[in-house]
Amino acid sequence: MQIATWNVNSLKVRLPQVLEWLAAHPEITVLALQETKMEDAVFPKAEIEAAGFHVAFAGQKTYNGVALIARAPIEQVQLNLPNFDDPQKRLIAGTVAGVRVVGAYMPNGQSLDSEKYPYKLSWLDALLAWLEPEIAAHPKLALVGDYNIAPEDRDVHDPKAWEGQVLVSPPERERFQKLLALGLKDSFRLFEQAEKTFSWWDYRAAGFRRNAGLRIDHVLLTAPLVDVCTACVVDREPRKAERPSDHAPVVATLAL
DNA sequence: ATGGCTTCTCGTAGAAGA
């Protein structure tokens, strides 16, 4: 099976690309989406189900919004962090083919002096607190999504220009390390990877053409899934499309 | 050059993204 994550930056705009990409990748068992940017009432549930998928979602108007699309039933669906009172729709968990998949759109933070920055750190702290017992209850767990954190300098096209900025600041990176300390591993780093592999490129200033990007979308796995993980890749193809999302999907392959 | 581009909205300019 494959587990994938993709920040689509509006599912309204990107639904055709999502369905086309899934059709081209039949090994993908479950795809987590972020930034669907739509209320549940207008979510294209019928279209996705008509294409043969199961779907679960939690959305709001304009911002945020997460979903799981799967080729197998999605069980024990949970929306939002139960320990963090928040109107922003940023987390969805479901069990697919025996794997607990947690899809997250982690806060951006905007800048270190924004009120959104402490919100980001608090959200990450709540995620950490919630995850520990969640992992104990579900040993086969994948935490996937747009983390809005580039874990190391090699995940940044120009570390000097980004030094100390939001997405790379030490408090954010510390929280990423705390996720690893829960027993999760960054599946991308289990394998040899090309240098300067990123998952997001700014729309502006020809970011994609210059490969001026960041690796901020991740698939983290617990040990039982690390043991069967055979690959993790960023698929740059959708980023080359007409009207692409600014993020590329990340796909982990599990021998399950 | 602190912008660039893309998306959204009780919209047609401003906020937000990262």
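Sequence lines set the chain letters: A, B, ... in the order given, protein chains first and strands last, and positions in each chain run from 1.
For the OP1/OP2 pair of dG17(B) and a distance below 4.0 Å, the side-chain nitrogens and oxygens of Q110(A) include at least one atom meeting the criterion. Using a 4.0 Å cut-off, some side-chain N or O of K116(A) falls inside it from OP1 or OP2 of dA16(B). Side-chain nitrogen and oxygen atoms of K37(A) include none within less than 4.0 Å of the OP1 or OP2 phosphate oxygen of dA16(B). Regarding contacts with the backbone of dG17(B), every side-chain N or O of H247(A) stays at 4.0 angstrom or more from both OP1 and OP2. At least one side-chain nitrogen or oxygen of R243(A) sits closer than 4.0 Å to the OP1 or OP2 atom of dT7(B).
For E163(A) and dT2(B), the CD to P distance is 21 Å, given to the nearest whole Å. The distance from atom CZ of F208(A) to atom P of dT6(B) is 14 Å, rounded to the nearest whole Å. In this structure, CD of E115(A) is placed 14 Å from P of dA15(B), rounded to the nearest angstrom. Between the CZ atom of R239(A) and the P atom of dC5(B) there is a distance of 13 Å, given to the nearest Å. Regarding D113(A), its CG atom lies at a distance of 13 Å from the C1' atom of dT2(B), rounded to whole Å. As rounded to whole Å, 12 Å separates atom P of dA18(B) from atom CD1 of I149(A). Rounded to whole Å, atom P of dT6(B) lies 11 Å from atom CD of E242(A). As a whole-Å value, the separation of L33(A) CG from dT7(B) C1' is 16 Å.
At a threshold of 4.0 angstrom between heavy atoms, the contacts of Y105(A) are confined to the sugar-phosphate backbone, with no base atom among them. Across all strands, E35(A) comes closer than 4.0 Å only to sugar-phosphate atoms, never to a base (heavy-atom distances). Among the atoms of the strands shown, only primed sugar atoms or phosphate atoms (P, OP1, OP2) are found under 4.0 Å from some heavy atom of N7(A). Heavy atoms of V166(A) sit nowhere under 4.0 angstrom from any nucleic acid atom.
Comparing the same atom, C1', in dT7(B) and in dA18(B) gives a spacing of 14 Å after rounding to whole Å. dA1(B) and dT6(B) have their P atoms separated by 25 Å, given to the nearest Å. Using atom P as the reference point in both dG4(B) and dA13(B), the two lie 15 Å apart (nearest Å). The same atom, P, is picked in dC10(B) and in dA16(B); the two are 14 Å apart, to the nearest Å.
Considering R215(A), K196(A), R173(A), K160(A) as possible partners of D153(A), the one that fulfils the salt bridge (charged side-chain N to carboxylate O under 4.0 Å, His left out) test is R173(A).
Taking the side chain of R204(A) as heavy atoms from C-beta on, and the options dA16(B), dC8(B), dA18(B), the nearest nucleotide is dA18(B). Listed candidates were dT9(B), dT7(B), dG17(B). Nearest to the side chain of S10(A) is dT7(B). Nearest to the side-chain atoms of R14(A) among the listed nucleotides dC8(B), dA16(B), dT7(B) stands dT7(B).
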Please determine whether side-chain hydrogen bond (donor to acceptor under 3.5 Å, both in side chains) holds for the pair N7(A) and E35(A), giving the CA-CA distance in whole Å, both sets of side-chain angles, and the decisive distance to 0.1 Å. CA-CA 6 Å; N7(A) 179 325; E35(A) 286 206 271; 3.0 Å; yes

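Both R210(A) and N9(A) lie close to DNA chain B; mapped to their nearest nucleotides by heavy-atom distance, the more 5′-ward contact belongs to R210(A). Of the residues near DNA chain B, D246(A) and L11(A), the one whose nearest nucleotide (by heavy atom distance) lies more toward the 5' end is L11(A).
Residues N211(A) and W201(A) have side chains that bring a donor and an acceptor to within less than 3.5 angstrom of each other. Side-chain contact check for T36(A) and Y105(A): no donor-acceptor pair (N or O, by modelled atom type) lies under 3.5 Å.
Within a 6.0 Å radius of CG in D85(A), other residues, nucleotides and ligands contribute 12 heavy atoms or fewer. Within 6.0 Å of CD in E132(A) there are 12 or fewer heavy atoms belonging to other residues, nucleotides or ligands. Annotation: E163(A), atom CD; neighbour count of heavy atoms from other residues, nucleotides and ligands within 6.0 Å does not exceed 12.
Counting distance only, with no hydrogens placed and no angle test, the side-chain atoms of N108(A) and the base atoms of dA18(B) include a donor-acceptor pair under 3.5 Å.
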